[in-house]
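As structure tokens, the structure follows; a few thoughts come after it.
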2 protein chains.
Amino acid sequence: MVTMEDVARLAGVSKMTVSNVVNNREGVSDLVRRRVLEAIRQSGYRLNVSARSLRSGRTGVIGLAVPEVDLPYFSHLATLVIDAARRRGHHVAIERTGAAEAGEADALAHSRVLQFDALILSAVVLDGLDERLTGAGCPVVMLGERDFGGRFDHVAMPNEEGMKAATVHLADQGCRRIGIVSGVPREGVNVMTRRYRGYLDGLAERGLSADPPLLFPLDGMTMEAGRDAAHRMVDSGREVDGVVAVTDTVALGVLRGLADRGLRVPDDIRLIGFDDVPESRFLVPSLSSVAPDHRWMAEKAVELAVQRVRAPLRPAEEHVAPFELVIRESTR
Amino acid sequence: MVTMEDVARLAGVSKMTVSNVVNNREGVSDLVRRRVLEAIRQSGYRLNVSARSLRSGRTGVIGLAVPEVDLPYFSHLATLVIDAARRRGHHVAIERTGAAEAGEADALAHSRVLQFDALILSAVVLDGLDERLTGAGCPVVMLGERDFGGRFDHVAMPNEEGMKAATVHLADQGCRRIGIVSGVPREGVNVMTRRYRGYLDGLAERGLSADPPLLFPLDGMTMEAGRDAAHRMVDSGREVDGVVAVTDTVALGVLRGLADRGLRVPDDIRLIGFDDVPESRFLVPSLSSVAPDHRWMAEKAVELAVQRVRAPLRPAEEHVAPFELVIRESTR
DNA sequence: TTGTAAGCGTTATCAC
DNA sequence: GTGATAACGCTTACAA
């Protein structure tokens, strides 16, 4: 392995000068710099990141913990985070948490092992996370779902506002019996409860009743769960003329489930999702959706992460992503 | 920061004994081990991976370079690779190459910077990669697309066999004018040329003419490109009663493009994809597809990577993934 | 079974 | 503007 020492010898300078050149530091004469660069080229030298990290205490890696990499929403988000980080000279290591508390706790444990400079945590369910977070061994930025009373940097989704807008939109399209396909709202603040609240707000805004609630519960946040929920919805015989799905991925399953029962969207029933994942505009029918500005979210999360590495003691910030309602065939 | 030294002092042993406990090595008495573990707990000690890597020369990280993280095929693959690697005690860092030669070369450059123990490269287009690969600074396992004359470990897709089977299937369903939506086959061996060859083989197998070719070229491998190709196909006025799409992602776009022109699948035209991504069974109509065993591929790729780290000089291995044809509504 | 010493490749500090 | 030296926290090799 070629080290700085070797390069230094080859260029006839000291190790330290090579280091200065490699790190683009001031105070190296042009002549020497050129000589060093040439020596680096000739020798095929490569910086040893482990050594640098050991010395500097920084790894240049930001962790991104998501429930599943292969759900469109998260993979899309991951892409954007990777880009945003790269622009700031950082790398991203993705942790899969599996949407379970165990997994999310695990990701934190791993963040210790892998020594991220910061961890961006897209937490869905984890309760009682707070105590553990403080022991993560690196700054944590919450992305998406939860509210931690201002103790952590937090990039929030417009969960309530978005869901409210979606529900109002369905009402304005003439729907009178609007159902929701979602996880059962649990105690504490999480994506399910917030979106469910937004749905209720939307109903209230248009004077529609939520009693008895038309909640069709979801077993997981997958396409499969969405399809099954749609089956149960139709089979229950309860009349529904519009559905808000808690995510686009779930909505994709609902679309399939409705087709299985011979119901057409939007003719028989209207459907709207949340996230505006890339495939939504290509589905048949194309899927209306609440579209948070994902790029903005990724950018902000990485920005917060990088800032906090530099200044660990700044007060925590909370930001809510902007969104727009994208109207497509499924609610026409 | 708490170091092994601190733990050692606390437990009344030497640094080395702590190291032995941390690494689960033999030859530490139970009593001492317990004392050390207790000291670790009390002190909140965490292993410093940079230091370990610097000393041992291994990082425990496998790089995975894919064109796009947010195409379903790659995100699914990434999930499986992450799982397989975790089972072997490795972490995965994902590099996005952007499906361009520049990107793929870049990933190699990064592999130098990040010091992966090995790099799994899902290369799509890169020609003249061979020379650069040897300078990657770590073992490289090719995943998916290309053939490198046996110089690299290689987990290949059943590109030709799969496409042939898909084409034969369409013929057996009664299709007589079978088109293909694919990138233009280029010089050299890549996914496009191999799949196109499989398509031609399939036509030949059933005595169907490939002259003039019903190739509808693709500008990229995206849903959008698939939709546009479908538009051009229909607008060209050329009669087509079956289509093989080069990937499921492209097929999803084709499905949309056909709907835009008022054509129904499978009634007016049958459609089959390649990859069997998770969403395919949930589409309406559900999408028939060539289903390579992705889990097998990920497992094999990681296995090869780990093996090669241990034994850099073993001769390269080449494996072709098994596959099956999944018949769904789109070709009924 | 446990301890000691050396060194992995880099950077911070301070001297020149 | 450049160089010598001393860490950073850990593991390998070997001694006790």
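In what follows, chains are A, B, ... by sequence order, proteins preceding strands, each numbered from 1. These numbers come from the heavy atoms of this one structure, side chains and all, not from hydrogens, waters or symmetry mates.
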(message) Does D:dT2 have OP1 or OP2 under 4.0 Å away from a side-chain N or O of A:Ser29?
(response) yes
(request) For B:Asn20, answer base if it contacts any base atom (sugar-phosphate contacts may also be present), sugar-phosphate if it contacts only those atoms, and nothing otherwise; contact means non-hydrogen atoms under 4.0 Å. (result) nothing
(message) Please classify the nucleic acid contact of B:Arg25 as base, sugar-phosphate, or nothing, using heavy-atom distances under 4.0 Å.
(response) sugar-phosphate
(message) Under a 3.5 Å cutoff, is there a donor and acceptor pairing between the side chains of A:Thr59 and A:Asp117?
(response) yes
(request) Among the candidates D:dC10, D:dG3, D:dT11, find the nucleotide nearest to the side-chain atoms of B:Asn23. (result) D:dT11
(request) Check every strand shown and say whether A:Val22 touches a base, only sugar-phosphate, or nothing at a heavy-atom separation below 4.0 Å. (result) nothing
(request) Grab the CD-C1' distance between A:Glu26 and D:dG1 for me, whole Å please. (result) 12 Å
(message) Using only atom types and a distance under 3.5 Å, with no angle test, would you say the side chain of B:Ser53 pairs donor to acceptor with the backbone of B:Arg58?
(response) yes
(request) Would you tell me whether B:Asn23 and B:Arg52 have side-chain atoms, one donor and one acceptor, within less than 3.5 Å of each other? (result) yes
(request) Mind calculating the distance between CG (A:Asp30) and C1' (D:dG1) to the nearest angstrom? (result) 12 Å
(message) Check this for me: does any side-chain nitrogen of one of A:Arg86 and A:Asp83 sit under 4.0 Å from a carboxylate oxygen of the other?
(response) no
(message) If I take atom CG in residue B:Leu54 and atom P in nucleotide D:dG9, what distance separates them, rounded to the nearest angstrom?
(response) 12 Å
(message) What is the separation between atom CG on B:Asp6 and atom C1' on D:dC10, rounded to the nearest whole Å?
(response) 13 Å
(message) Of the listed nucleotides (D:dT2, D:dT11, D:dC10), which one gets closest to any side-chain atom of B:Asn48?
(response) D:dC10
(request) Could you tell me from which nucleotide to which nucleotide of DNA chain C, 5' to 3', there is an atom under 4.0 Å from chain B heavy atoms? (result) C:dT1 to C:dG9
(message) Under a 3.5 Å cutoff, is there a donor and acceptor pairing between the side chains of B:Arg25 and B:Ser19?
(response) yes
(request) May I ask you to evaluate whether A:Ser14 reaches the phosphate of D:dG3, defined as a side-chain N or O under 4.0 Å from OP1 or OP2? (result) yes
(message) Need to verify one output field. Residue with the more 5' nearest nucleotide on DNA chain D, A:Met16 or A:Gly27?
(response) A:Gly27
(request) Please give the angle, rounded to 10 degrees, between the axes at the start and the end of the helix from C:dT1-D:dA16 to C:dC16-D:dG1, where five pairs define each axis. (result) 30°
(message) Categorize A:Ser56 for me: base, sugar-phosphate, or nothing, with a 4.0 angstrom heavy-atom threshold over every strand shown.
(response) nothing
(request) May I have all residue pairs that pass ring-ring contact (aromatic ring centres under 6.0 Å, His included) and include part of residues 293-318 of chain A, sequence neighbours excluded? (result) A:Tyr73-A:His294, A:His76-A:His294
(message) Looking at B:Arg308 and B:Glu317, is there a salt bridge between them, counting it only when a charged N and a carboxylate O are closer than 4.0 Å?
(response) no
(request) Would you kindly compare B:Gly12 and B:Arg55 by the position of their nearest DNA chain C nucleotide and give the one closer to the 5′ end? (result) B:Gly12
(request) Figure out the NZ/P separation between B:Lys15 and D:dA13, and round it to whole Å. (result) 16 Å
(request) Could you tell me the separation between the CG atom of A:Asn24 and the P atom of D:dG1, rounded to a whole number of Å? (result) 16 Å
(request) Give a yes/no answer on whether the side chain of B:Arg58 brings an N or O atom under 4.0 Å of OP1 or OP2 in D:dC10. (result) no
(message) Determine whether A:Val21 and A:Val7 satisfy the following criterion, side chain to side chain contact (heavy atoms under 4.5 Å, CB included), listing intermediate values before the conclusion.
(response) CA-CA 11 Å; A:Val21 170; A:Val7 175; over 6 Å; no
(request) Could you tell me whether a side-chain N or O of A:Thr17 sits under 3.5 Å from a main-chain N or O of A:Val13, the two making a donor and an acceptor? (result) no
(message) Tell me whether B:Glu38 is salt-bridged to B:Arg41, with the criterion being a basic N under 4.0 Å from an acidic carboxylate O.
(response) yes
